[in-house]
2 protein chains.
Amino acid sequence: MGDTLGSDSLLFLTDEQIRQGIEGMYFAYRGLTSEPDRILATLAYGRAHHRAIHFINRAPGTTVTNLLEILGVTKQSLNRVLRTLIEDGLVESRVGKIDKRERNLFLTEAGTALEARLSDAQRTRMRAAYREAGPEAVSGFRKVLEAMMDKELRQKYASLREANT
Amino acid sequence: MGDTLGSDSLLFLTDEQIRQGIEGMYFAYRGLTSEPDRILATLAYGRAHHRAIHFINRAPGTTVTNLLEILGVTKQSLNRVLRTLIEDGLVESRVGKIDKRERNLFLTEAGTALEARLSDAQRTRMRAAYREAGPEAVSGFRKVLEAMMDKELRQKYASLREANT
DNA sequence: TACATTAAGTCAGCCTTGTTGACACTCCAA
DNA sequence: TTGGAGTGTCAACAAGGCTGACTTAATGTA
């Protein structure tokens, strides 16, 4: 990539630089969630609801088990959140066509609307950050994020999204 | 930065690309906290304890009020965590020299040891991600994170750390 | 066909970590 | 000397994690 030092120069990354990266993740993550959190609070929802809404929107028709794996929480924990979303008419749970034990989850119109509202807030911030940092920085940003994830989980999510196309 | 399109090309960033960035933050953040979480669980501590330990280590001698601002939680919430850390001998609270109402917070030897253990886990992962992504990506990564943060909070933290030098 | 397994949901109870509100104490500065 | 700031604490509550145990329905298999 035009760097004569190559990736060996990473050996010279100081402890301090690594620590700043970790702190950066903390502060940036907070920055990214603060607006949605505010919106959710007015609706008596929390971040857990947001996560469920987000992933149901991204993989419509996904099953409860899939969602559990992606979110990494227990069935009981997810169910509490899912129940309120269904009761409030934001999420619809349809009995599976092939396997009737499964439930396929979808956002209703109202659910889609809330997803858009929450997502808009985040996308606006993200877009602003991208614009400020510049196109090359964005590509680097995404590369590092990719490398930081749990590969298994990443793969699981990718195939889940492919399946629902 | 050598991009003939300039930052205007960001206008062509699709919704999907922005969404992937948001999801990337979610999965990467989880990747970064999973190991520390496991360690903390064996010690009957949580992420809140980690955050306190982290920032006391980064700004030794900081006051409770400063810590409150950085963490963005209530006094009662922080105090509960701080109390257990002090009782367990990981944090020391010294009465301020200039202003005796203030408490200056420090890690004890045991506290420093735990900080190192938690931090090692995160730094190892971070370093691996940096190495995988390459030096240019790292610089971009940091730029985007910087741009995503709350500027005020970022500034507050920076000056706090300068003060404690 | 009978039985084991899987998907989903539920009940009860626990913990951490966040919140409000109220209050006391110490200390500093005007 | 008095008001306000920094700290600590009590009580009560809520969200959202967790474990364990159990039901129901549907599916797959011996």
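Since this is a predicted model, take the numbers as computed values, not measurements. Numbered from 1 within each chain, the chains take letters A, B, ... in sequence-line order. All values below come from the heavy atoms of this structure, side chains included, with hydrogens, waters and symmetry mates left out.
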For the helix from C/dT1-D/dA30 to C/dA30-D/dT1, what angle separates the axis at the start from the axis at the finish, each from five pairs, in steps of 10°?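 End-to-end axis angle for the helix from C/dT1-D/dA30 to C/dA30-D/dT1: 20°, rounded to 10°.
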To the nearest Å, give me how far apart OH (A/Y45) and P (D/dG16) are.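 Taking OH of A/Y45 and P of D/dG16, I get 11 Å after rounding.
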Counting distance only, does the side-chain N/O of A/S93 pair as donor-acceptor with the main-chain N or O of A/R103 below 3.5 Å?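 Flag not set: sc A/S93 to bb A/R103 has no pair under 3.5 Å.
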Any side-chain to backbone donor/acceptor pair from B/R125 onto A/M148? Under 3.5 Å, distance only.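 Answer holds: yes.
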Taking A/L118 as the fixed residue, which of A/T33, A/N57, A/I39 is the one that meets the side-chain contact (heavy atoms from CB on, under 4.5 Å) rule?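 One option only clears the test, and that one is A/I39.
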Within residues 70-87 of chain A, residues whose heavy atoms come under 4.0 Å of DNA chain D: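 Output list: A/G72, A/V73, A/T74, A/Q76, A/S77, A/R80.
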Evaluate side-chain contact (heavy atoms from CB on, under 4.5 Å) for A/Q20 paired with B/R58, printing each intermediate quantity in order. CA-CA 10 Å; A/Q20 277 175 18; B/R58 293 285 280 169; 4.0 Å; yes
For every nucleotide of nucleotides 23-30 of chain D, 5' to 3': is a protein heavy atom under 4.0 Å from its base (B), only from its sugar-phosphate (S), or from neither (-)? ---BS---
Determine, for [X] against [Y], whether the closest basic-nitrogen to carboxylate-oxygen distance falls under 4.0 angstrom.
X      : Y      : result
B/R123 : B/D120 : yes
A/R38  : A/E35  : yes
A/K143 : B/E136 : no

Going 5' to 3' along DNA chain C, between which two nucleotides do contacts with chain B fall, using a heavy-atom cut-off of 4.0 Å?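 Listing 5' to 3', DNA chain C meets chain B from C/dT17 to C/dC28.
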Side chains of A/R30 and B/D150: does their closest heavy-atom pair fall under 4.5 Å?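 No. Closest side-chain heavy atoms not under 4.5 Å.
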Qualifying side-chain hydrogen bond (donor to acceptor under 3.5 Å, both in side chains) pairs with a residue from residues 67-91 of chain A, counting only residues at least two apart or across chains: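 side-chain hydrogen bond (donor to acceptor under 3.5 Å, both in side chains) check on residues 67-91 of chain A returns A/Y45-A/D88, A/H49-A/T84.
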A/F27: which residues meet the ring-ring contact (aromatic ring centres under 6.0 Å, His included) condition with it, sequence neighbours left out?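 Testing A/F27 for ring-ring contact (aromatic ring centres under 6.0 Å, His included), a comparison that skips the adjacent residues, returns B/F55, B/Y157.
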With a 6.0 Å cut-off (strictly less than), is the heavy-atom count around NZ of A/K151, excluding the residue itself, greater than 12?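 Yes.
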Within a radius of less than 6.0 Å around CD of A/E152, do more than 12 heavy atoms belonging to other residues, nucleotides or ligands occur?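 Counting neighbours around CD of A/E152, 12 or fewer heavy atoms of other residues, nucleotides or ligands fall under 6.0 Å, so no.
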